[in-house]
There are 2 protein chains.
Amino acid sequence: MSVQERKERERAGRERLIVATARELAEQQGWDAVTTRRLAERIEYSQPVLYSHFRGKREIIGAVALLGAAEMAAELRAAARAADGPRARVTALARAYLDFAERNPAVYDAMFQLDGGLAFAQEDTPEPLKDAFAALLETLGEVAGEGVHPGLFTEVFWAALHGLATLTRAGRQPPADAERRVELLVDRLAVL
Amino acid sequence: MSVQERKERERAGRERLIVATARELAEQQGWDAVTTRRLAERIEYSQPVLYSHFRGKREIIGAVALLGAAEMAAELRAAARAADGPRARVTALARAYLDFAERNPAVYDAMFQLDGGLAFAQEDTPEPLKDAFAALLETLGEVAGEGVHPGLFTEVFWAALHGLATLTRAGRQPPADAERRVELLVDRLAVL
DNA sequence: TCGATTGTCTAGCGGTGCTAGGATCGCGGC
DNA sequence: GCCGCGATCCTAGCACCGCTAGACAATCGA
């Protein structure tokens, strides 16, 4: 059995390599540059090897998205934990979210802009995605205000953050006032 | 001179045909289906003709985006005009925005998701884009609240709307509660 | 040691955006 | 009315894309 186990380990390692390389390439040169040929060359295997791990390019994007969701959830929780009081927590959460989107644009795109073939907002949604939403909910739930469903409030707050993240990065909004926009958002949306 | 004028008219007409056809095709089958070959076939010309009007596919997307921006600005103003009082106006504006995004997903993508090679939030931003933002500003400026810059407030409100529009359409948020999210957004963000 | 299975690669399919170069059409001057 | 010429358009092709069939090699169990 040891032989088979070793092979499975190697296989799993190569799969991680594929995902990590795809992410790296996407962050360096954008998702357009992540072609199956280039990706195969970087991992030093031929193209068809990719298809023995993933159904296609879409699934590779999905794998990067899941990785990113887990990472984001961890960062959001760390930011919230480091702040005292509801107001500071919400502000820290919002900053951490936008910060993640800015530092990992390709990963953020994989999660929310591109089609990674993932299910959202339903039962068979992968765990990391649900958990990232849960990380938002944990902090935002306590400032939803009376009579407002925490989940609904989190959705609205998240949408606002997502809008700020994408519009700023795409050059649709001036980057200079980003911090002031966050403060306004927190001041108005959260019930403190 | 008449001959030359006629030629220019025909040329302008064909350019409109290209943009309208691209939009139509994108709304019917998504932007992925808008290939230069298919587009050329639909307008009953060969591919290179497209390149005598536009630098490339990106510019065609940009042209659709400009068309959409003008349309959206008109719809936003109409919705605001039909409502009485600040609160009703803001709600109507928000609904009109989300409605436009839902009814014209491909055009909305051309404006805010895809790269149409357009400049945003700077001096050489095309007029229709500035005007669409102005349409938002006209209604939202009056509910920004004291001491809050109307432009900044509009940016935040717009970001929230954009987030709701994209996340809902991409299946990232359950469509059922869309209306309740809008109400919550208006209640919290606007100072009435 | 041999046969079978697993794994990997080469080569190729139909598609993409875009362009070079040749053919054809219609204009203005004689 | 005819003809040369410039504008206009199309055919054919480039390099690249995602993806896959089938040949080949390496490794395993008997």
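Here the structure is a predicted model, which means the values were calculated and not measured. Lettering of chains follows the sequences in order, A, B, ..., and the numbering in each one begins at 1.
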D/dC19 P sits how many Å from A/Arg58 CZ, rounded? 9 Å

Could you label the plane-to-plane angle of the A/Phe157 and A/Phe153 rings as parallel, tilted or perpendicular, counting under 30° as parallel and over 60° as perpendicular? tilted

Can you name the atoms? Protein N/O to nucleotides 11-16 of chain C N/O, anything below 3.5 Å, with the distance.
| unit_1 | atom_1 | unit_2 | atom_2 | d |
| --- | --- | --- | --- | --- |
| C/dT16 | OP1 | B/Thr35 | OG1 | 3.4 |

One thing to verify: whether A/Glu71 and A/Arg103 come together as a salt bridge, which I'm taking to mean a side-chain N less than 4.0 angstrom from a carboxylate O. no

Any side-chain N or O of B/Arg14 less than 4.0 Å from the OP1 or OP2 oxygen of D/dC9? yes

Interatomic distance where OH belongs to B/Tyr51 and C1' belongs to D/dC10 [whole Å]: 15 Å

In whole angstrom, give the distance that lies between atom CD of B/Glu15 and atom P of D/dT8. 14 Å

Once you round it to whole Å, what is the distance between P of C/dT6 and CD of A/Glu10? 16 Å

Side chains of B/Arg89 and B/Val143 in contact at under 4.5 Å (non-hydrogen atoms): no

Round to the nearest Å and state the distance from B/His53 atom NE2 to D/dT8 atom C1'. 10 Å

Could you tell me how far apart B/Arg55 (CZ) and C/dC18 (C1') are, to the nearest whole angstrom? 14 Å

Taking CD from B/Glu44 and C1' from D/dC10, how many angstroms apart are they, rounded to a whole number? 15 Å

Stepwise side-chain hydrogen bond (donor to acceptor under 3.5 Å, both in side chains) check, B/Gln29 with B/Arg38: CA-CA 12 Å; B/Gln29 308 181 36; B/Arg38 250 193 289 262; 5.1 Å; no

Ion pair present between A/Asp187 and B/Arg188, side-chain N to carboxylate O less than 4.0 angstrom? no

Please report the interatomic distance CG(B/Leu167) to CH2(A/Trp158), rounded to the nearest 0.5 Å. 5.0 Å

Atom-pair distance (CZ on A/Arg11; P on C/dG7), nearest Å: 7 Å

